[in-house]
Number of protein chains: 2
Amino acid sequence: MTRKTIDDVAALAGVSIKTVSRVLNDEPSVRADTRRRVEEAMAALNYQPSLHARSLAGRRSSLVGLVYDNPSANYVFAVQSGAIARCRESKLRLFIQSCDGLDDRLIGEVLAMVDQTHVDGLVVTPPLSSNAELLEALRRRRLPFVLIAPDVPVAGAPSVVMDDRAAAREMTEYLLGLGHRHIGVIAGHPDHGSSRLREAGWRDALLAHGEQAGPDLVAQGYNTAASGREAAHALLAAAERPTALFACNDDMAAGAILAAHELGLVLPDQLSIAGFDDTELAGLIWPPLTTIHQPVYDMAYRATELLVQLVRGEEAPATTRLDHRLVVRASTGPPRSRLE
Amino acid sequence: MTRKTIDDVAALAGVSIKTVSRVLNDEPSVRADTRRRVEEAMAALNYQPSLHARSLAGRRSSLVGLVYDNPSANYVFAVQSGAIARCRESKLRLFIQSCDGLDDRLIGEVLAMVDQTHVDGLVVTPPLSSNAELLEALRRRRLPFVLIAPDVPVAGAPSVVMDDRAAAREMTEYLLGLGHRHIGVIAGHPDHGSSRLREAGWRDALLAHGEQAGPDLVAQGYNTAASGREAAHALLAAAERPTALFACNDDMAAGAILAAHELGLVLPDQLSIAGFDDTELAGLIWPPLTTIHQPVYDMAYRATELLVQLVRGEEAPATTRLDHRLVVRASTGPPRSRLE
DNA sequence: CTGCCCGTTGACAGCGCTGTCTTTTGCCGA
DNA sequence: TCGGCAAAAGACAGCGCTGTCAACGGGCAG
């Protein structure tokens with residue numbers, strides 16, 4: 001059993017291969033009954049057109065690239081899921097390129113992938129979406145691409161973002177509303193654009209309420225649980241201990257909770273801890289984590305949708321902002337002093 | 001700037017395109033200095049051969065497929081990472097196919113992907129690696145494939161496995177060694193082959209030590225934290241409460257820990273909880289989870305390596321067994337009765 | 001010096017499609 | 001009935017490579 005080609009279908013349907021091609025590509029000017037005959041022949045032969053032949057002959061590959069660099073498993077998985085879902089709707093295929101450990105060969109590898117596979121466009125996730133050099137190289141290639149959560153907007157490339165700063169401010173205001181006055185922040189990885197925004201949101205809220213936001217309330221983290229734990233220990237060692245900690249992502253919040261447990265602190269009575277992202281993890285730790293829901297799946301879905309538009313030659317909005325949501329769980333509560 | 005083709009390289013190097021092709025494919029019978037000239041030309045032009053043209057003209061595509069169906073984010077991420085790492089070494093590309101939500105169209109979609117993209121071979125992860133119908137269809141297509149953790153060995157398809165049963169037994173024996181006598185088990189998803197093996201390992205250990213392994217010590221879970229929590233509540237409601245729980249994966253263990261916290265139980269004094277898989281989660285919850293390290297990344301790496309061998313026409317061992325490891329953390333300890 | 005062999009290189013067809021251009025068909029009004 | 005015209009269908013080249021086979025040249029035995 002040799003593989004079926006367009007010639008087999010054409011022969012069986014009694015038409016030329018070009019007509020089969022037309023049916024395949026949903027082109028007009030094919031009579032309804034001809035179309036039906038062709039479709040029946042395709043079904044009867046279980047015909048599957050060759051991606052490679054189509055890509056070589058035509059200009060498009062029906063392939064969308066997704067590039068990422070070492071963010072967390074949950075993030076990558078959510079992004080992939082969203083992008084795959086949208087691709088399926090348009091009969092596209094997702095081609096995934098991990099840049100993990102590529103370091104300075106990164107740009108070359110991404111471009112090699114782009115050139116070899118002829119992807120029609122690219123979805124770029126953070127932190128690559130803030131890599132100016134990469135983006136510039138993509139632009140020079142005139143390859144359509146969409147950014148997820150870039151640091152700053154890039155001309156000509158639509159972005160899908162959420163309002164990190166407003167969300168962080170919201171979270172901090174929620175903590176202030178509970179009665180906290182000393183709210184420490186565990187900052188995110190300095191190379192990630194969102195880190196600055198989230199820290200800024202925390203500062204916004206404190207200053208708006210006339211509270212201090214001094215350096216003793218800030219500890220640098222690196223988006224990992226280990227760094228969160230360390231940062232939390234540092235913050236909690238201060239003379240005037242914060243009664244609440246806002247970690248700029250859930251992993252660091254989990255690390256902070258570990259630190260709290262190590263110090264024998266009862267959560268949330270003696271210490272409130274909040275995170276950011278609402279990963280799966282947030283609901284699995286104890287106490288369940290108050291956090292900001294970041295709609296990663298939806299952002300990836302939307303980004304892919306925008307890319308589809310670009311590939312078709314349609315316009316796409318420069319910035320698409322999706323809503324976040326404050327998710328209150330059990331890791332936060334009023335400070336003990338107010339209870340006593 | 002139009003894209004470079006093999007003709008450009010040939011012209012610059014002053015050879016025929018066939019010679020460039022030979023260099024590209026590491027074929028012998030190219031004189032060293034000719035090879036060098038061609039390589040220099042390729043570098044000078046930044047030439048990237050077209051995947052589609054190569055696949056169409058040759059028989060192979062340099063594409064390896066990876067199929068998965070809804071296991072956890074961590075699992076999928078680890079598998080992808082391992083497979084990508086091995087692919088990179090052989091200059092192959094990984095083509096990912098998610099079967100999430102495909103249900104009965106699953107087999108058709110996988111085969112369509114295989115036929116359209118002409119992947120050279122497939123790495124199949126659980127639970128698909130136990131899908132007899134899918135595997136049979138792949139075999140009929142004479143497509144090389146390697147299974148990760150299949151339920152039962154499949155003739156002609158190498159498998160990469162770990163010894164789930166021995167690992168579960170080891171874990172249970174460790175708990176017995178701590179002094180536990182009533183050890184409950186939260187069984188995994190009934191559709192996953194490993195679930196049975198892990199439960200069997202638990203039973204092996206208990207019976208070998210002359211302990212009961214009655215139905216009141218078994219609760220059905222579905223590999224999710226929510227199901228683990230429910231199962232734990234059920235087990236802990238028994239008249240003679242178990243002093244230790246063995247959850248057949250980490251997510252369910254996390255759910256069980258949630259349940260324990262809800263009941264106000266102090267871990268591990270009043271209750272020990274152990275998991276299986278050693279996902280990232282295990283180190284992030286409180287108390288850190290005692291579990292079995294499953295070498296998912298390594299299994300995927302190895303599976304891809306075996307697939308590369310198969311594609312080359314070499315033999316590959318029917319079964320490759322990788323080592324697990326008992327990872328003791330703080331969620332387990334001697335039962336309280338022994339302390340009193 | 002001749003012929004043979006092997007290592008090296010090249011000419012050319014064709015992989016399975018799509019783009020372009022041409023031909024055929026069906027349908028309308030006169 | 002026929003011309004005219006748009007819609008439908010087909011012929012054909014060629015996308016960028018690899019497989020096949022043929023051509024070339026140099027070393028070496030006879």
Side-chain angles (χ1 to χ4, degrees), chain A residues 2-39 41-42 45-63 91 93 112 114-120 311 313, chain B residues 2-39 41-42 45-63 91 93 112 114-120:
Chain A
T2 171
R3 73 178 318 120
K4 306 304 177 196
T5 71
I6 198 171
D7 299 271
D8 300 318
V9 177
L12 181 59
V15 298
S16 75
I17 60 167
K18 182 63 210 185
T19 300
V20 178
S21 171
R22 289 201 178 91
V23 173
L24 221 46
N25 294 287
D26 276 323
E27 288 174 27
S29 64
V30 175
R31 230 179 301 148
D33 67 311
T34 308
R35 186 179 297 274
R36 195 182 41 68
R37 283 218 320 284
V38 171
E39 276 162 354
M42 296 200 298
L45 296 172
N46 190 26
Y47 168 68
Q48 298 292 348
S50 157
L51 169 75
H52 302 302
R54 302 182 81 180
S55 309
L56 185 57
R59 278 84 178 278
R60 56 198 155 1
S61 63
S62 306
L63 232 37
K91 293 185 182 166
R93 299 209 170 271
V114 164
D115 289 341
Q116 288 173 15
T117 64
H118 299 211
V119 289
D120 290 336
V311 169
Chain B
T2 169
R3 72 175 320 118
K4 306 303 178 199
T5 72
I6 199 172
D7 298 272
D8 300 319
V9 177
L12 182 59
V15 298
S16 75
I17 60 168
K18 182 62 208 185
T19 299
V20 178
S21 170
R22 289 202 176 90
V23 173
L24 222 45
N25 294 287
D26 277 324
E27 287 173 28
S29 66
V30 174
R31 229 181 304 148
D33 68 313
T34 309
R35 185 180 296 275
R36 195 182 41 68
R37 282 217 321 285
V38 171
E39 276 163 355
M42 296 200 297
L45 296 172
N46 189 27
Y47 168 68
Q48 298 292 349
S50 158
L51 170 74
H52 302 302
R54 302 182 81 181
S55 309
L56 185 58
R59 278 84 178 280
R60 55 198 154 2
S61 64
S62 305
L63 278 180
K91 294 187 183 165
R93 299 211 170 269
V114 163
D115 290 341
Q116 287 173 17
T117 64
H118 299 208
V119 290
D120 291 336

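No experiment lies behind these values; they were computed from the predicted model shown. Residue numbering restarts at 1 for every chain, and letters A, B, ... go by the order of the sequence lines. Hydrogens, waters and symmetry mates play no part in the numbers below; they use all other heavy atoms, side chains included.
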For [N], does OP1 or OP2 lie under 4.0 Å from any side-chain N or O of [X]?
| X | N | answer |
| --- | --- | --- |
| B:R60 | D:dG19 | yes |
| A:S29 | D:dA7 | no |
| A:T5 | C:dG16 | no |
| A:S21 | C:dT18 | yes |

Minimum side-chain heavy-atom gap A:R3-A:D8 below 4.5 Å = no

Nearest of [options] to any side-chain atom of [X]?
| X | options | result |
| --- | --- | --- |
| B:T19 | C:dT9, D:dA9, C:dG14 | C:dT9 |
| A:I6 | C:dG10, D:dT18, C:dT18 | C:dT18 |
| B:R22 | D:dT20, C:dC17, D:dA9 | D:dT20 |

message = Can you work out whether A:N25 or B:T34 has the more 5'-proximal nearest nucleotide on DNA chain C?
response = B:T34

message = Using a heavy-atom cut-off of 4.0 Å across all strands, would you classify B:V30 as base, sugar-phosphate, or nothing?
response = sugar-phosphate

message = Under 4.0 Å, heavy atoms only, any strand: does B:V15 hit a base, just the sugar-phosphate, or nothing?
response = sugar-phosphate

Between [atom2] on [N] and [atom1] on [X], what's the gap in Å once rounded to a whole number?
| X | N | atom1 | atom2 | answer |
| --- | --- | --- | --- | --- |
| A:I17 | D:dA9 | CD1 | P | 15 Å |
| A:H118 | D:dC15 | NE2 | P | 13 Å |
| A:R59 | C:dT18 | CZ | P | 13 Å |
| B:R54 | C:dG16 | CZ | P | 18 Å |
| B:K18 | D:dA23 | NZ | P | 17 Å |
| B:D115 | C:dC17 | CG | P | 11 Å |
| B:R31 | D:dC24 | CZ | C1' | 11 Å |
| A:M42 | C:dG16 | CE | P | 17 Å |

Over all heavy atoms of both residues, which pair between [X] and [Y] is shortest? Give the atoms and the distance, please.
| X | Y | answer |
| --- | --- | --- |
| B:D120 | B:S62 | OD2-N, 2.9 Å |
| B:R22 | B:V30 | CB-CG2, 3.6 Å |
| A:V38 | A:A13 | CA-CB, 4.0 Å |
| B:L24 | B:Y47 | CD2-OH, 3.8 Å |
| A:L51 | A:S61 | CD1-O, 3.1 Å |
| A:T34 | A:T19 | CG2-CG2, 3.9 Å |

request  = Strictly below 4.0 Å, heavy-atom distances to any atom of DNA chain C: list the hits from residues 45-53 of chain B, or just say none.
outcome  = none

message = Can you classify the ring geometry of A:H52 versus B:H52 as parallel (below 30°), tilted (30 to 60°) or perpendicular (above 60°)?
response = tilted

message = Between the base of C:dG16 and the side chain of A:R3, is one N or O donor paired with an acceptor at under 3.5 angstrom?
response = no

